[in-house]
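FYI, side chains are in, hydrogens and waters are out, and symmetry mates aren't considered; it's all heavy atoms of this structure. Letters A, B, ... mirror the listed sequences (proteins, then strands); counts begin at 1. In this text, all values refer to a predicted model and were calculated from it rather than measured experimentally.
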2 protein chains.
Amino acid sequence: MAGAVDFEDERDVRGDPAAVAEGDGALTQLKAYLAQHELAPNTRLPPERELCEILGVSRGELRKALAVLEEHGDIWRHVGKGTFTGARPAEERISIAEISSQTNPAEVMRARLLIEPELAREAALNANADDVAALSACLAGSRTSETWRQYENWDNRFHRAIASATHNALLIALFDTLNGVRRAVVWGRLRYDIQKPPPDHHSFADHEAIIAAIAERDMNAAATRMRAHLQIVQARLLDRPREAAE
Amino acid sequence: MAGAVDFEDERDVRGDPAAVAEGDGALTQLKAYLAQHELAPNTRLPPERELCEILGVSRGELRKALAVLEEHGDIWRHVGKGTFTGARPAEERISIAEISSQTNPAEVMRARLLIEPELAREAALNANADDVAALSACLAGSRTSETWRQYENWDNRFHRAIASATHNALLIALFDTLNGVRRAVVWGRLRYDIQKPPPDHHSFADHEAIIAAIAERDMNAAATRMRAHLQIVQARLLDRPREAAE
DNA sequence: TGCCTGACCAATGAACTATTGGTTAGGCTA
DNA sequence: TAGCCTAACCAATAGTTCATTGGTCAGGCA
């Protein structure tokens, strides 16, 4: 019985309207109403002010009955939204800003170290020629960057392209969340001492090695090299937080 | 005011000789405007209709110049919002429902297999006594479950508790996203052939082994056992999609 | 041909209004 | 006196309206 409200522990009032009208029947009335309508889960019921007229009970009594059902987990309520059948749904939307306010650069780096090598591993399994070409294009772009900002842009695209190469929409979405938080947390930490990345910047070789591993479908190497790359990034981040660019 | 903009250095545009060669000053004007105002990242510039009056160029020319800067990564634009300096920020809110509509149970399972073992590994590193106690409580609860729904509830809490034990807010948030998608995608796949999990259900032993590894701070064992557990879940999911409950 | 101009389109945000669950105060009845 | 009803108010939410803004197109012009 879908979406149903559990009322077996109460008197069966269907078909006995007299009993319904009688006595402390707010809860009983309400259960009868729900049973009669056989509402699907997450259906909105009438607002309290209407419902108490429909059932012929005062709003106070109705609210007491609703509180019982809510405690029982049969319905859930929210100001401005209404009263709904079924269990309260999980939070539908995740805010990057909210996560960012609860974390810090060290945690973000740790999360990258755990997640991104696995993404690289999966990319090595699933990447096609186009994916490898896209990765190479990102590397080439980063090599020709004239500013740190441009470089950061290409670096972003590179890591995003690895997630894309998994061809798994959920993994891509998770990466985007991780990356969004990263960008929010380390926002504005660009280095200004030098104008652009030096030609021997470690990331170039790191990225090249990762691409090679993915192209060769060497899952373990892809993961290992990504981890090594991120460990260097982490070390630089912790040593010189003002120069957190990769 | 248009007169305030200094365009005497039209032939001295730093970093983009191509603009000089073109000769028309829209891009040059725009760069001069940006240089003069020294805007912080993510500052909104005047709307195009105002800016082209300020700079004394047509809207078409201004838009061409803006397109160059956008391609260059110096600004970003969005209909209804405006034009902003710096890199385009990540999408602020992620919708579980949207992700769910783009994925499928196989992808979800694959993502779990990549992510959750790493969470278990990190939990083994960071868990404290309370975390282990919480995990044990979830296992005990699942053992006493009278229905599959109750069992699923405890199983949920168990996996969430592992994420919590990492003590990393970002990893917890990523797990919640993953889990939210999982619940949305495999929604309603509860088994109905038997009323509750049998006492020898594989998950009980699996979970117990995972808890033991975390309690002993054995990171590799925690990851390995989680992976083994999820592989069984995956096999059951693919074999008998109607009985996807763990 | 290339550019300018004006108009229109679609996405966005701000302001406002209506709705709705949650709460409180006063009065009434048993 | 205790419990209940009623009315009003509060705060969160959703819907509506309107102005703003980047994106696009057709006509005119040099």
Review point. Is B:Arg63 near enough to D:dG22 that one of its side-chain N or O atoms lies under 4.0 angstrom from OP1 or OP2?
Key: no
Point to revise | No-hydrogen, no-angle side-chain donor-acceptor test under 3.5 Å, B:Asn126 and A:Arg110 | key: no
Can you check nucleotides 25-30 of chain C for protein contacts, nitrogen or oxygen pairs under 3.5 Å, and list what you find?
none

Revision key, fill the gap. Between NZ of A:Lys64 and C1' of D:dC5 the distance, given in whole Å, is 11 Å
Study note, to complete from the structure: Looking only at C:dT19, C:dG22, D:dT21, the nucleotide nearest the B:Arg44 side chain is D:dT21
Practice item. Can you tell me the distance, in whole Å, between the CH2 atom of B:Trp76 and the P atom of C:dT12? Key: 11 Å
Check your understanding: Does a nitrogen or oxygen in the side chain of B:Ser58 sit under 4.0 Å from OP1 or OP2 of C:dC3?
Key -> no
Practice item. Mind checking B:Gly82 for me? I need base, sugar-phosphate or nothing, with any heavy atom below 4.0 Å counting as a touch. Key: sugar-phosphate
Check your understanding: What's the shortest heavy-atom distance between B:Arg160 and B:Asp176, and which atoms?
Key -> NE-OD1, 2.6 Å
Review point. Can you check the A:Phe84 CZ to C:dT20 C1' distance for me, whole Å?
Key: 10 Å
Check your understanding: In whole Å, what is the span from the CZ atom of B:Arg88 to the C1' atom of C:dT12?
Key -> 14 Å
Study note, to complete from the structure: Taken to the nearest whole Å, CZ/B:Arg77 to P/C:dT12 is 16 Å
Point to revise | Aromatic ring proximity A:His159/A:His229, centre distance under 6.0 Å | key: yes
Check your understanding: More than 12 heavy atoms of other residues, nucleotides or ligands under 6.0 Å from CD of A:Glu53: is that the case?
Key -> no
Review point. The side chain of A:Glu48 lies closest to which of these nucleotides: C:dG21, D:dC5, C:dT5?
Key: C:dG21
Review point. Which pair of non-hydrogen atoms, one from B:Leu62 and one from B:Ala26, has the smallest distance, and what is that distance?
Key: N-CB, 4.5 Å
Check your understanding: In whole angstrom, what separates B:Arg59's CZ from C:dC8's P?
Key -> 14 Å
Point to revise | Main-chain N/O of A:Arg77 paired with A:Thr83 side-chain donor or acceptor, under 3.5 Å | key: no
**Study point:** Carboxylate-amine/guanidinium proximity below 4.0 Å for A:Lys31 and A:Asp74
**Key:** no
Check your understanding: Do A:Asp155 and A:Trp148 have a side chain donor and acceptor closer than 3.5 Å?
Key -> no
**Study point:** Whole angstrom value for the distance that separates P of C:dT20 from CD of A:Glu50
**Key:** 6 Å
**Study point:** Euclidean distance, atom CG of residue B:Leu69 to atom P of D:dG22 [Å, nearest integer]
**Key:** 14 Å
Pick out the pairs of N or O atoms, protein on one side and nucleotides 10-15 of chain D on the other, that lie under 3.5 Å.
unit_1 : atom_1 : unit_2  : atom_2 : d
D:dT13 : OP1    : A:His78 : NE2    : 3.4

Exercise for review: Give a yes or no on whether the ring-centroid distance for A:Trp154 and A:Tyr151 is below 6.0 angstrom.
Suggested key: no
